[in-house]
Amino acid sequence: MIKITLPDGAVREYEKGVSALGVAKSISEGLARKVLAASINGQVWDATRPIEEDASLKLLTWDDGDGKSTFWHSSAHLMAEAVETAFPGVKFWVGPAIDKGFYYDMDLGDRKLTEEDLVVLEKKMNELAKQSNPYIRKSISKADALQYFVEKSDEYKLDLLQNLEDGTITFYTQGGFTDLCRGPHIPNTGFIKAIKLTSIAGAYWKGDEKNKQLTRVYGVTFPNQKELDEYLLMLEEAKKRDHRKLGKELGIYTMSDDVGQGLPLWMPNGTIIIEELERLAKTTETAAGYKRVVTPHIAKENLYLTSGHLPYYADSMFPPMEMDGEKYYLRAMNCPHHHKIFDAEPKSYKDLPYRIAEYGTCYRYEQSGELFGLMRVRCLHMNDAHIYCNREQFFSEFKAVNDLYIKYFKIFGVEKYVMRLSLHNPEKLGKKYVNEPELWKETEDMVRKVLVETGTPFIEVQDEAAFYGPKIDVQIWSAIGREFTLATNQVDFAQPRSFKLSFTNKNNEPEIPLIIHRAPLGTHERFIGFLLEHYAGKFPTWLAPIQVKVLPISDKFLDYAKEVEMALLQQGIRVEIDDKKKKIGKKIRDTELMKIPYMLIVGEKEVNEKVVSVRRQGKGDTGSFAVTEWIAQIKQEIENRQSID
RNA sequence: GCCUUUGUAGCUCAGUGGUAGAGCACUUCCUUGGUAAGGAAGAGGUCGUGAGUUCGAUUCUCAUCAACGGCUCCA
């Protein structure tokens, strides 16, 4: 007998060799039907695998993350079986579960998969799933495994096998399909009730662009049709929030083939948002002791040789323009220009921290396939600033920048974010990172200290630093689940040296400053792209391109509507009149769809009583107000930068 | 940059080897209305661009540009 400890602490005795499924059955049949896998001493196991020793056990169902992963990984095997039936001779690489679903990479030889094939494969998968074939685990010696795949002449699995230790190798078989796999898997294919193969894509073998490209098929499966339907509905909803769709509908930005790829043109509505964001940044930064500067968008080659950017990032910069025997580059970053401003006048320790800010325009030659709406572009406007300080000032300066992030996130209602401490990789010193091992260690410790002492939650990642120093990247998720780096806060010990920047310290000696590069609001492009999805286009009043629309019931009331408009305009409120000869219902609908925060409806009653009937976007009629009274209210809302209630 | 798919009116999309259609939007007219779509008429397209096949190409073929979904990349 062995002792099994359940999550609630209860200990039960079972025959040696009992499976998690057996344990579940002893508790209830209903539970057993839901068990997908089990966590045995913290390791995820097949629910059917015999347990030989005392163990703590947690049954995993669809409600557990590990349960879902097991389900999806098993679905990948099911898909592979269907593919092998349809395309004999196919070779498989790996088929993991992902965030939402699974994929399998495969080499189909000269065959090409089409959308129609996916439908056929789905059908086949459904057929195979209905057979409720068990996933059977089998330990196998390395020699036997090698022989199996040599006979299959499957170079991909042979490659996987090379890195596996004899004695740890397992095969899984379901129906007619056998795969090299660590597992675990769900008990049988019958659990998979709803299947959707979502897309076909190319993926480099082992993720290396020099390698052959394999065919990757993505799919997602569920234990019932209802969840699949809900998932597909959710995807539809997400499409409606896509910043590219909203950006077009709301007149925020446009792209033109004649201008070029990845070069957004900001339309009047988008420009208003840009200006409001800049106003926020300027107010905040001025209060925090920053000074503003303006610098050119181009510079001579030598500047980027000095900064050290060219050797590292030439590929990501637009090719140079030649003039009078000089090469000029469009800038991909603002820092070198700012360093020249720091260096323009001698500095003493009394001038530090020296903080200069600019919404700097940068140009980056991103590969064409990497461009994505406003999120990845070739012309960007960065909420940039550089802080030149000494080591004693570093802690409070770096902390102040972090506090700034939090302040902004509060204003915009950003709740889900992760601070990522990006460190260098000692093996790449001199290649990807400047070769200063001591300084790397020192600055990485300094940054970590700020995060730890301020109690900021963060994760550490290796090999993600800037070439000149460690950084904190802020990862955020848009409302539709898109993850990206929004903001960045970086330490730089390399450029001050290469630019020979210095200040005179208290002992009248020259000293090299540290530089903090920071961009809490990221770039206009990415930030507004994020905000569009975050708010689903329903901007808070202070950001809304048009804040108020005056809707006269008929054009008999146009004069009064203009009076109201004028009163609002004089208070700096962005207002328009809908003077179309349409019924009020139509005007309301149009305005609702444009997601304008407030509608002021004026008709006979309002003219007589000198009031406006106020309708809040998405909320309906909120009653009548005297014009001046209502203006005071909305002005308050705008000044406080209130978010939507 | 690589792989899949796509490109027809401002938008969303039909359609065809014999030089194009719907709905919405737009313009004009009728209607002067009370909280999410009133009615009628009109205007609008070298069918992404270039070449080839053909008596004839928006349709078939090739090239090219761009976009979607992925991979790689992301200072």
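Every value quoted in this text rests on a predicted model; they were computed, and no experiment measured them. Per chain, numbering begins at 1; letters A, B, ... match sequence-line order.
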Report, as yes or no, whether the 6.0 Å neighbourhood of atom OH on A:Tyr365 holds more than 12 heavy atoms from other residues, nucleotides or ligands. no

In the 5'-to-3' direction, what one-character label does each nucleotide of nucleotides 69-75 of chain B receive under the scheme B = base within less than 4.0 Å of a protein heavy atom, S = sugar-phosphate only, - = no such atom? BBBBBBB

Rounded to whole Å, how long is the line connecting atom CD1 of A:Ile480 with atom P of B:C68? 13 Å

Whom does B:C26 pair with, Watson-Crick or G-U wobble, provided both distances fall under 3.5 Å? B:G42

Any strand, both distances under 3.5 Å, Watson-Crick or G-U wobble: B:G21 pairs with B:C13

Answer yes or no: are there more than 12 heavy-atom neighbours, outside A:Lys206 itself, under 6.0 Å from its atom NZ? yes

Might you work through the side-chain contact (heavy atoms from CB on, under 4.5 Å) test for A:Asp621 and A:Arg616, ending with a clear yes or no? CA-CA 7 Å; A:Asp621 194 353; A:Arg616 184 73 169 94; over 6 Å; no

Sticking with atom P, work out how far B:G70 lies from B:G42, rounded to a whole angstrom. 45 Å

Rounded to whole Å, the CD-C1' distance (A:Gln261 to B:C68) equals 13 Å

How long is the line joining CZ of A:Arg589 and C1' of B:A37, in whole Å? 5 Å

Name the pairing partner of B:U54, where a pair is Watson-Crick or G-U wobble with both distances under 3.5 Å, or state none. none

Is it the case that more than 12 heavy atoms not belonging to A:Lys239 sit under 6.0 Å from its NZ atom? no

Cation-pi check, A:Lys416 onto A:Trp477 ring (under 6.0 Å, within 45° of axis): yes

What is the distance, to the nearest angstrom, from the NZ atom on A:Lys587 to the P atom on B:G38? 12 Å

Rounding to an integer number of Å, can you tell me how far A:Ile252 CD1 sits from B:C11 C1'? 16 Å

Take atom P in B:A25 and the same atom in B:G69, then report the distance between them in whole Å. 28 Å

How far does the P atom of B:U27 sit from the matching atom of B:G21, given to the nearest Å? 24 Å

A:Glu427 atom CD, neighbour heavy-atom count above 12 within 6.0 Å: no

If I pick the C1' atom on B:C24 and the same atom on B:A9, what distance separates them, to the nearest angstrom? 12 Å

Using heavy atoms to find the nearest nucleotide of RNA chain B for A:Ser368 and A:Leu371 separately, return the residue whose nucleotide is more 5′. A:Ser368

Provide the full list of salt bridge (charged side-chain N to carboxylate O under 4.0 Å, His left out) pairs with a residue in residues 90-99 of chain A, sequence neighbours left out, each pair given once. A:Lys91-A:Glu155

Answer yes or no on whether A:Arg355 is positioned over the face of A:Tyr388, meaning its NZ or CZ is under 6.0 Å from the six-membered ring centre and within 45° of the axis. no

Could you walk me through whether A:Thr295 and A:Glu358 pass side chain to side chain donor-acceptor pair (under 3.5 Å), step by step? CA-CA 8 Å; A:Thr295 56; A:Glu358 172 179 19; 2.7 Å; yes

Relative to A:Phe458, does A:Arg420 satisfy both conditions: NZ or CZ under 6.0 angstrom from the six-membered ring centre, and within 45 degrees of the ring's axis? no

Using the C1' atoms only, state how far B:A67 lies from B:U31, rounded to an integer number of Å. 43 Å

Can you tell me how far P in B:G18 sits from the matching atom in B:U58, rounded to whole Å? 11 Å

Could you work out the separation of B:U16 and B:G34 based on their C1' atoms and round it to a whole Å? 49 Å

Mind checking who B:U64 pairs with, Watson-Crick or G-U wobble, both distances under 3.5 Å? B:G48

Strictly under 4.0 angstrom, non-hydrogen atoms only: write out the protein contact profile of nucleotides 23-35 of chain B, one letter per nucleotide from the 5' end, B, S or -. --SS----BBBBB

If I take atom NZ in residue A:Lys538 and atom C1' in nucleotide B:A36, what distance separates them, rounded to the nearest angstrom? 13 Å

I'd like the C1' distance from B:A41 over to B:C68, given in whole Å. 39 Å

